[in-house]
Undergrad: 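For reference, the structure I am asking about is given below.
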Amino acid sequence: MAEQPDLISDLHDLDFARLLLAEMHDDLHGKVSRFRQLEDSVSAIGSRRSMIPGGEIAYAAWVEARSSFVHGNFVATVLLSQALAEQMLAAMLTMGLDGEPIPPKIDFRMTLKRCLARDMISQRDANDLERLMEMRNPLSHHRLIDDPSNLSRRVIDQRVSGEEHLRRDATFAISMAVRLLALPMIRLGD
């Protein structure tokens, strides 16, 4: 019986291994640098000893946001960091003896408002989380070129490459995720 060729590609496993190694090698210095940056920020605030409210999806968002940041997947880092924030904060509202019921589909701004009212986050945290939301929205929802949040518009207006804008946004997003993991309410011991 003749072997059926791959319908998608005529590359063999060894060809794929070569491509994978080449991709892993590309930007190796940047990956190491981003990994060190992430490791330093997590270690500095001790967020290794935090629980992650929000269940499996929040945990997966954290794990994938870290990996995305290290590997230079900056759009994914922003999207996943925002997902982590939404999942964690809504879950935090329902935790503990003083937990409160929330709507089945709670708006993020309402989540922030409720977290602020319960002193779960600071006003600075709320402002930065709104900034994160504003970074995520034009990545998820189409914006015309004349919209100031459109990446191409930002490139033109600020004369900074799209890659640099995305790197900066992702750096902010992952740092916000780390800050959330350091919130006193979810810290486990010292």
Undergrad: Do side-chain atoms of T94 reach the backbone of A91 as a donor and acceptor pair under 3.5 angstrom?
TA: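 Looks like yes, one N/O pair under 3.5 Å.
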Undergrad: Would you indicate whether I102, at its atom CD1, is surrounded by more than 12 heavy atoms from other residues, nucleotides or ligands within a distance under 6.0 Å?
TA: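 Counting other residues, nucleotides and ligands, CD1 of I102 exceeds 12 neighbours.
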Undergrad: Counting neighbours of OH on Y59 that are heavy atoms of other residues, nucleotides or ligands and sit closer than 6.0 Å, is the number greater than 12?
TA: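 Atom OH in Y59 is not packed in, count stays at 12 or less.
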Undergrad: Decide yes or no on salt bridge (charged side-chain N to carboxylate O under 4.0 Å, His left out) for E134 and R109, but give the supporting numbers first.
TA: CA-CA 11 Å; E134 295 302 321; R109 282 194 170 93; 2.8 Å; yes
Undergrad: Are the side chain of S41 and the backbone of L38 linked by a donor-acceptor contact shorter than 3.5 Å?
TA: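 Judged by distance alone, yes, a pair lies under 3.5 Å.
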Undergrad: Are R167 and E163 packed together at the side-chain level, in the sense that at least one heavy-atom pair is separated by less than 4.5 angstrom?
TA: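 Contact flag for R167/E163 side chains = no.
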Undergrad: Under 6.0 Å from the CD atom of Q158, do we count more than 12 heavy atoms belonging to anything else shown?
TA: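 For Q158, atom CD is crowded (more than 12 foreign heavy atoms under 6.0 Å).
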Undergrad: R136: which residues meet the salt bridge (Lys or Arg N to Asp or Glu O under 4.0 Å) condition with it, sequence neighbours left out?
TA: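 Applying salt bridge (Lys or Arg N to Asp or Glu O under 4.0 Å) to R136 gives none.
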Undergrad: Please report, to 0.1 Å, the donor-acceptor pairs under 3.5 Å made by any side chain of residues 65-76, with sequence neighbours excluded.
TA:
{"unit_1": "S68", "atom_1": "OG", "unit_2": "E64", "atom_2": "O", "d": "2.8"}

Undergrad: Return all side-chain donor-acceptor pairs below 3.5 angstrom for residues 124-131, not counting sequence neighbours, or 'none' if the list is empty.
TA:
{"unit_1": "D125", "atom_1": "OD1", "unit_2": "R179", "atom_2": "NH2", "d": "2.6"}
{"unit_1": "D125", "atom_1": "OD2", "unit_2": "S122", "atom_2": "N", "d": "3.2"}
{"unit_1": "D125", "atom_1": "OD2", "unit_2": "S122", "atom_2": "OG", "d": "3.2"}
{"unit_1": "N127", "atom_1": "OD1", "unit_2": "Q123", "atom_2": "NE2", "d": "2.8"}
{"unit_1": "N127", "atom_1": "ND2", "unit_2": "Q123", "atom_2": "O", "d": "3.4"}
{"unit_1": "D128", "atom_1": "OD2", "unit_2": "R179", "atom_2": "NH1", "d": "2.6"}
{"unit_1": "D128", "atom_1": "OD2", "unit_2": "R179", "atom_2": "NH2", "d": "3.2"}

Undergrad: Taking the side chain as every heavy atom from C-beta outward, state whether V178 and W62 have any atom pair closer than 4.5 Å.
TA: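 A side-chain contact exists here, since the closest heavy-atom pair is under 4.5 Å.
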Undergrad: Counting heavy atoms not belonging to F108, are there more than 12 under 6.0 Å from its CZ?
TA: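 Count over threshold, so yes.
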Undergrad: Got a sec: does the CZ of R36 have more than 12 other heavy atoms crowding it under 6.0 Å?
TA: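 No, CZ of R36 has 12 or fewer neighbouring heavy atoms, counting only those of other groups under 6.0 Å.
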Undergrad: Verify the neighbour count for atom NE2 of H141: are there more than 12 heavy atoms of other residues, nucleotides or ligands below 6.0 Å?
TA: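 Atom NE2 in H141 is crowded, with more than 12 foreign heavy atoms closer than 6.0 Å.
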